[in-house]
Amino acid sequence: MKIYLLAPLLLVLAQTRAQKAYKAADAFAKTITAADLKTHLTIIAGAEMEGRETATPGQKKAAVYIENYFKTLGLQPGNGSSYQQYYPVYRDSFLAAEVSINGQALALNTDFTPALASPIGSLGFGEVVYVNFEDSAWKNGKVDVQGKLVLFRFQGLSGAGANAGFGNTVGVRINGLMAKGAAAALVVQDIFPLTKPFERLTNMRTNKLLNRQSMAYFNISPAWAKGILGNDWEAATEGKLPSKVYKAEVQTTYNKQRLVLESSNVLALLPGTDKADEYLVITGHYDHIGRQGDVINFGADDDGSGTVSVLELAEAFAKAKAAGKGPRRSIVFMTVSGEEKGLWGSEYYANHPVYPLEKTTANLNIDMVGRLDSLHIKRGVSKYVYVVGDDKLSSDLTPISVFANKKTKLELDPKYNDPKDRERIYFRSDHYNFAKNGVPIIFYFNGVHPDYHRPTDTVDKIEFEVMSQRAQLVFYTAWDMVNRDAMLKRDIPLPASAMGR
Ligand SMILES: [Zn+2]
C-alpha cells in the first residue's frame with residue numbers, strides 16, 4: 001500500500017528534478033525540430049548524393065555539405081585546421097588477362113573471366129589436374145596438386161550443387177587447393193558467355209598490402225573444359241569422373257593496378273568551459289551503400305537520420321554556447337564514413353584519435369533513428385527507441401539515460417542489450433570502436449525494417465516527429481554528460497564475449 005502511494009510521488013519528484021536540471025537546456029532542445037531534420041535529410045539522402053558510398057563523389061558531396069554546415073554554426077575545425085580526417089582506401093582495378101589452351105586464345109567475357117584476387121604474373125603448365133572433390137582419392141589426400149594447375153567444376157550457383165550448402169563456394173574450394181599447394185586453377189562455370197561484362201574493380205579495403213595472397217584462378221566455359229577433358233567431359237558433368245591428370249598446354253597472364261582512394265570523417269569541435277580538456281563524442285555515419293547502376297540506395301534512415309541528428313545536436317549546443325550556456329566539457333560532433341564497409345572511419349579515428357580516448361567521457365552514436373520497426377508497429381508504439389550498450393562499461397549510463405528521458409518520455413527498449421540477441425547489434429555500428437577501447441557508449445537505433453539497405457529507404461518514409469524526440473533524448477543525455485562534475489565512471493569491464501566480433 002505504501003509503495004503504491006509512493007511510486008507516483010517519486011515519479012513526480014523525479015520529474016521536478018528533471019525540470020530543474022534541464023531548465024537551461026529546454027530552450028536549445030527545442031531547436032531540434034522535425035522541420036530542420038527534414039530540410040537536412042532531403043539533401044543528405046537526395047539523389048545528388050548518389051547513396052554516399054565511401055570513397056565516391058557522392059560521399060564527398062555529403063562531406064562538403066556537413067563541413068559547410070559546421071562552419072555556419074561557428075564550430076571549430078575538429079582536426080587541427082581541418083574539418084576532415086582523411087584516411088586511405090584501396091581497391092584493385094583490372095588491367096588485362098589472357099588464357100590460352102593448346103595454343104588457342106580464349107576470349108574475355110565469352111570464354112573466360114579472371115578472378116580479380118589473382119596475383120599479377122604469367123604462368124604456363126604442360127598438364128592439368130582435374131579434381132573431383134567428392135571422390136575418395138581426393139578426400140583421402142591421394143591427389144597430388146602441389147605446384148600444379150587444377151581444373152574443377154563449380155555448381156554452387158545452379159544445377160545439382162545449388163543445395164550443397166553455404167560452404168560450397170569457389171573461395172572455399174580455392175582455399176582448400178591452396179592448402180594443398182596448388183599453383184593455379186581453372187574453374188568451369190556454366191555462365192558463359194556473360195550477359196554483361198564482369199566487374200573490373202575489387203572490393204575496397206583499408207590495408208594497402210594483403211597479409212595473404214590468393215593463387216591465380218580463372219573461370220572458363222564448359223566448351224573449353226571439354227576441350228581438355230575430351231570424352232571424359234560427360235562423366236565430369238555427372239560428377240562421376242574421378243580426379244585425373246590430362247595433357248594440355250595452358251598459359252595465363254594477369255595484370256591489375258592498385259588504386260589509392262580517399263575517404264574522410266567530418267568533425268567539428270565545440271570547446272568546453274572549465275573542463276575543456278575532456279570530451280564527449282557524438283557520432284553518426286554519413287556513408288551508405290551507394291548505387292547499383294542507375295538505382296540509388298538513398299539511405300535516408302541508414303544513416304541519413306543519424307547524420308542530420310548530429311547536425312541538429314551541433315546547432316542546439318552551438319546556440320547554447322552563444323547564449324552563454326555552453327558545455328563545461330568539449331563536444332566533438334563527428335560524422336564518419338566507411339561504416340557500411342566495416343566501421344572503417346570510426347576504426348581509423350579510434351586508431352588515430354584527435355582527442356585522447358581516456359579523456360573522452362563517452363560516445364553517443366546515432367545510427368537509424370527515423371523509422372519504426374514491425375515489433376513496435378504491431379504494439380501500436382511509435383514513441384520508442386532502442387538504447388544499446390548502456391548496461392556496459394559504465395554504471396552511470398543507464399541512470400543518465402533514464403533521467404534524460406523524463407523530458408522526452410520515449411519507451412527505452414533494452415532488447416539489444418540481451419547478450420543472447422542474435423543480431424549482435426552491439427558490434428554493428430561505430431560506437432563499437434569506442435567501446436572496445438574502454439569508452440562508455442550509448443547507441444540509439446530504431447530497429448530494422450523491410451527498406452533496410454534497399455533503394456526504398458527514402459525520405460518520404462521517415463517519421464520526423466519521433467525522430468526529433470529521439471534526437472532530443474540524445475541532446476538531454478549529452479547535456480548531462482558534458483555538464484556534470486565528473487567524467488563517467490569506467491567501472492564495468494567489457495565482457496570477453498563483447499570483445500570479439
Ligand atoms: Zn547504419
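Computed from a predicted structure; not experimentally measured. In each ligand, atom 1 is the first atom listed, and ligand 1 is the first ligand listed. These numbers come from the heavy atoms of this one structure, side chains and all, not from hydrogens, waters or symmetry mates.
- D430 and T283 share no donor-acceptor pair across their side chains, judged by distance under 3.5 Å alone.
- Residue side and main chain included, D367 places an N/O/S atom under 2.8 Å of the Zn ion (ligand 1).
- The pair D92-K256 counts as a salt bridge, with a side-chain nitrogen and a carboxylate oxygen less than 4.0 angstrom apart.
- Annotation: salt bridge (Lys or Arg N to Asp or Glu O under 4.0 Å) contacts of D485 (sequence neighbours excluded): R328.
- Atom OD1 is the N/O/S atom of D302 found closest to the Zn ion (ligand 1).
- Residues satisfying the salt bridge (Lys or Arg N to Asp or Glu O under 4.0 Å) test with K489, not counting sequence neighbours, are D396.
- The Zn ion (ligand 1) has no N, O or S atom of H288 under 2.8 Å away, backbone or side chain.
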